[in-house]
Number of protein chains: 2
Amino acid sequence: MSVSIFDVAKLADVSISTVSRVINGREVVHPRTRERVESAIAQLGYKPNAFARGLMLHKSEIVGLVLPDIHGEFYSEIIRGANQQARKMGYNLVVSSAHDGADSYSLLVTLEQRSLMDGVAIMISELTDRIEELLADVRIPFVILDGDVKDQAYDSVVIDQKRGALAMMRHVVGECGARRVIFVGGLETNVDTAARLEAYREVLGENGLTYDPADVYHLDYQYDTAYRLAKQELQRWVGADHCVFSANDEMAAGIVAAAGAMGVLVPSELAVVGFDDTRIAQMTRPALTTVRVPMSEMGARAIELLCDRIEEPDRPATHIVLEPELVVRESCGYAANRLKTL
Amino acid sequence: MSVSIFDVAKLADVSISTVSRVINGREVVHPRTRERVESAIAQLGYKPNAFARGLMLHKSEIVGLVLPDIHGEFYSEIIRGANQQARKMGYNLVVSSAHDGADSYSLLVTLEQRSLMDGVAIMISELTDRIEELLADVRIPFVILDGDVKDQAYDSVVIDQKRGALAMMRHVVGECGARRVIFVGGLETNVDTAARLEAYREVLGENGLTYDPADVYHLDYQYDTAYRLAKQELQRWVGADHCVFSANDEMAAGIVAAAGAMGVLVPSELAVVGFDDTRIAQMTRPALTTVRVPMSEMGARAIELLCDRIEEPDRPATHIVLEPELVVRESCGYAANRLKTL
DNA sequence: TATCTCTTTGACAGCGCTTTCACCACAACA
DNA sequence: TGTTGTGGTGAAAGCGCTGTCAAAGAGATA
C-alpha cells in the first residue's frame, strides 16, 4: 500500500525510532543521520499516517466548529474569526453544520462521530432539554457559542444580546421619539429573540408605552418571510412615530423593501431598525440603523477558549461576554430629525 | 483514561472480538451475548476510538470541502449542497477555507495534514502552476470545483461560465439593444472572470461593437470596491443604451447603489446586470438581471463524484459541466422597454 | 457412544506510529 | 585502569481497534 515509516527506515538504513525522532524533531539525532532520513522521506514522498499518530498522541490538532445552519453572512464572520484564531494557536479548523430539515440533534450525533477532533465549539441558538442532555454526552472539550447556558460548568462566549437590544430600544424610543414599536423576531424558542424581546418590553415600560402582544411577530429570520409579512401588515404599522424593530438585518431589509414597493417612506412614515450589522445593513436604502455584533471576535474567542481548555483541561470554566454596539444610520430617522431641528 | 473496548469486554465477560462484532453488527452474535455487551456499552458510555478504527480500516467516513474563501452568500450555497449530498452518501462533511492574506498554497498544505479525511473537494478559483504542482502531491481522492483543469485526469465539476456570459451578453446587446457595454470583473487571473471576458469580447464582435480596453475593469468582487469605482466612473458610463456587465451580483449591487446615490436612474439612464443570482440580486432595487449559477448543485455533484471515487478508485475521471441560466429582472431595462413598445 | 456438522466465541496478529528503556561508543574524570 | 557521564541509536511495548483462524460447544447423524 502506501509508504510507511518502516519503508523510510529501511531506505535510510536506520530504525523506525530514528525516523520518528527526525519527524518530530524533539530529540537529538546526528546531523549525518538526519540528512539520510530526510532524503529518504523526500524520495519516498512519505507522510505520517494521521490515524496512527492520533492513536498514540490522543490528539489530531483539529478543532471543530458546529453551526446550526451555515447559511448567511452572519455565520461566515464567525467562521472567519474562528479560522484565524485556530491557525494562530496551531490548530486546524473544520466547520460542520446541521443540514436542512434536521435539528441540532442530528448535529450533535454527527459531532460524536467526530471524536477525531480535539475539541469543538458549538453554536446553539435554541437550547432545548434534549440538546442539553446530549451535550452532557460529549466526551471531548467543547465551548458553547451564543447559547443561554444554564450549566455554568461549560466554557462559553456569548453576546450581551439584551444590552444591545436595550441600547437600540432606548435609541428608538428615547432619541428618535417612537411612540409605538413593532417587534419582528425569530422563533420564540430562539435565545437571541427571547433576550431582545425582554429588552423590548422593558424599554416600553420605562417609557410608559403599553405592550401590545399584537405588535409582536415571530418569524424565521428570512428576508422573504419578512417581506411577505410586511406587505400584509404595513397598513397597520404605518405612522410617523412608529418603528419596526427587527431581530435581524435581513428581515429589516425585507420590510424596507416591502415598504418601498408599497410606497411607504422609510423613515419618515415608518422607521425600521435591524440587528447584527451584516453587510446587508449598509446595502439597504435607506441604510439600516442596527446593532453591531462582534461575530468574528465571537468565533475567535471561542476557539481561543477551546484550545486553552484542550491544553489545560482542568482549569475552571470561563465565560466571555461580548458587548454589541449601536450603529445609527438612516432608517431610524434620527439623522433626518436632527437636521430638521437644527 | 477513557473507556476502551477492553473495559466493555471485561464488564460483559466476553472477549474484545465479540464486542467488536456487536459494534459492527456484521457477524452473528448470540442474542443473549449481544444484549450483555450492549448493556455494558451503555453502562460505560463507551464510544469506539475513531483513530484506532481509522488505522485499521483506512477510512474515516469524513470528506472535506476546501474553499478559497468562505465569505459570502455564494459559498454557503455550495456548502449546503455538499452537506446534503455527503449525508445522503453516508459521509460527514467538514469545510475548511483559506484565511485572510494566505493564498491557496497554505490551503493545500493544510489539506495535506488532513489525511484523516477519505477525500476532498477543492474549489479553485485561480489556477496557478504552484497549485497544480501541489495538487499532484495530494494522496487522497479529490475532485476539482470550478477550476479550469488542464489535467483531465482529475474528476471535476465546473460551471459553463462562458455559456452563461454569452447568454447574458446576447440578451443585453441583442434583446435590450445596448450599444456599449462596460465590463467589471474580478482579477485577471480568476478563471471565471476570464471566461466571462471572453464571452464579452465575442458578443461585442458578433454585433459589430468595438472592444475598448478602457471599458474593462478588474476589481475584487466586493460591493464596496465596486461602489467606489462606480462613484468615480459613472459619469463616463451613463447612457440610455449603455450597460454595465458585472461579473458578480455583489459588485452589480454596489454599482446600482452608487448610481442611486448620484441620481443616475437604473435602468433608463444606465443598465446594470450581474452574475450568480445570489440573494442580493433580488434584494437590490431595481432587482438585478443576472445569471443563475447552480451553486448548491455544484457542491452536491462534487461530493457525489468524490464519494464514488473513494469507493471505486480506479474508475475513469468524470467531468461534469453545469449549465447556468439567464434570469431577467428589472435592472437591464428589458421589461420596461417591452412595456413601452407594446 | 463416536463422529461430523454448524454456530458461537476467544486468542492473537497486526494497522503505523511514539516512547521508554537499554545499549554502545567515546570522552572525561578519579 | 576503572568509573561515570553523554550523545546517538535500536528493540520492543503498547495505543484501541478489526479480522483471521482455531477451538469449544451444541445438535444431528450414524
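Computed from a prediction, not measured in an experiment: that's the story for all the values here. All values below come from the heavy atoms of this structure, side chains included, with hydrogens, waters and symmetry mates left out.
The side chain of B/S4 contributes no N or O atom lying less than 4.0 Å from OP1 or OP2 of D/dG16. Using a 4.0 Å cut-off, no side-chain N or O of B/S17 falls inside it from OP1 or OP2 of C/dT9. Under 4.0 angstrom from either OP1 or OP2 of C/dG10 there lies at least one side-chain N or O belonging to B/T18. In terms of phosphate contacts, A/T33 brings a side-chain nitrogen or oxygen within less than 4.0 Å of OP1 or OP2 of D/dT9. Within the structure, a side-chain polar atom (N or O) of B/N24 is placed less than 4.0 Å from OP1 or OP2 of D/dT18.
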Could you walk me through whether A/V94 and A/L65 pass side-chain contact (heavy atoms from CB on, under 4.5 Å), step by step?
CA-CA 6 Å; A/V94 298; A/L65 173 62; over 6 Å; no

Before giving the answer on salt bridge (Lys or Arg N to Asp or Glu O under 4.0 Å), spell out for B/E61 and B/K59 the whole-Å C-alpha distance, their side-chain angles and the decisive distance to 0.1 Å.
CA-CA 6 Å; B/E61 249 122 38; B/K59 62 181 311 202; 3.5 Å; yes

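Across the protein-nucleic acid pair, A/L116 atom CG and D/dC17 atom C1' stand 13 Å apart, rounded to whole Å. Atom-to-atom, CZ of B/R36 to P of C/dT8 comes out at 14 Å; the value is rounded to the nearest Å. Taking atom CD1 of B/I5 as the reference point, atom P of C/dC15 lies 18 Å away to the nearest angstrom. Rounded to whole Å, the distance from CZ on B/F6 to P on D/dT18 is 15 Å. Rounded to whole angstrom, the span from the CZ atom of A/F51 across to the C1' atom of C/dT18 amounts to 18 Å. As rounded to whole Å, 13 Å separates atom C1' of D/dC17 from atom CD1 of B/I41. Rounded to whole Å, the distance from CG on A/D7 to C1' on C/dG16 is 11 Å. Between the CG atom of B/L57 and the P atom of D/dG16 there is a distance of 17 Å, rounded to whole Å.
Atom CZ of B/R315 sits in a crowded spot, with more than 12 heavy atoms from other residues, nucleotides or ligands closer than 6.0 Å. Heavy atoms from other residues, nucleotides or ligands lying under 6.0 Å from CD of B/E35 number 12 at most. When the shell of 6.0 Å around NZ of B/K10 is examined, it contains 12 or fewer heavy atoms from other residues, nucleotides or ligands.
Nearest-nucleotide positions on DNA chain C for B/A52 and B/V14 put B/V14 closer to the 5' end. Between B/L55 and B/R21, the residue whose closest nucleotide on DNA chain D is further toward the 5' end is B/L55. Each of B/M56 and A/Y46 lies near DNA chain C, and the nucleotide nearest B/M56 is the one positioned closer to the 5' end.
You'll find that the side chain of A/I16 is closest to C/dT18, out of C/dT18, C/dG16, C/dT9.
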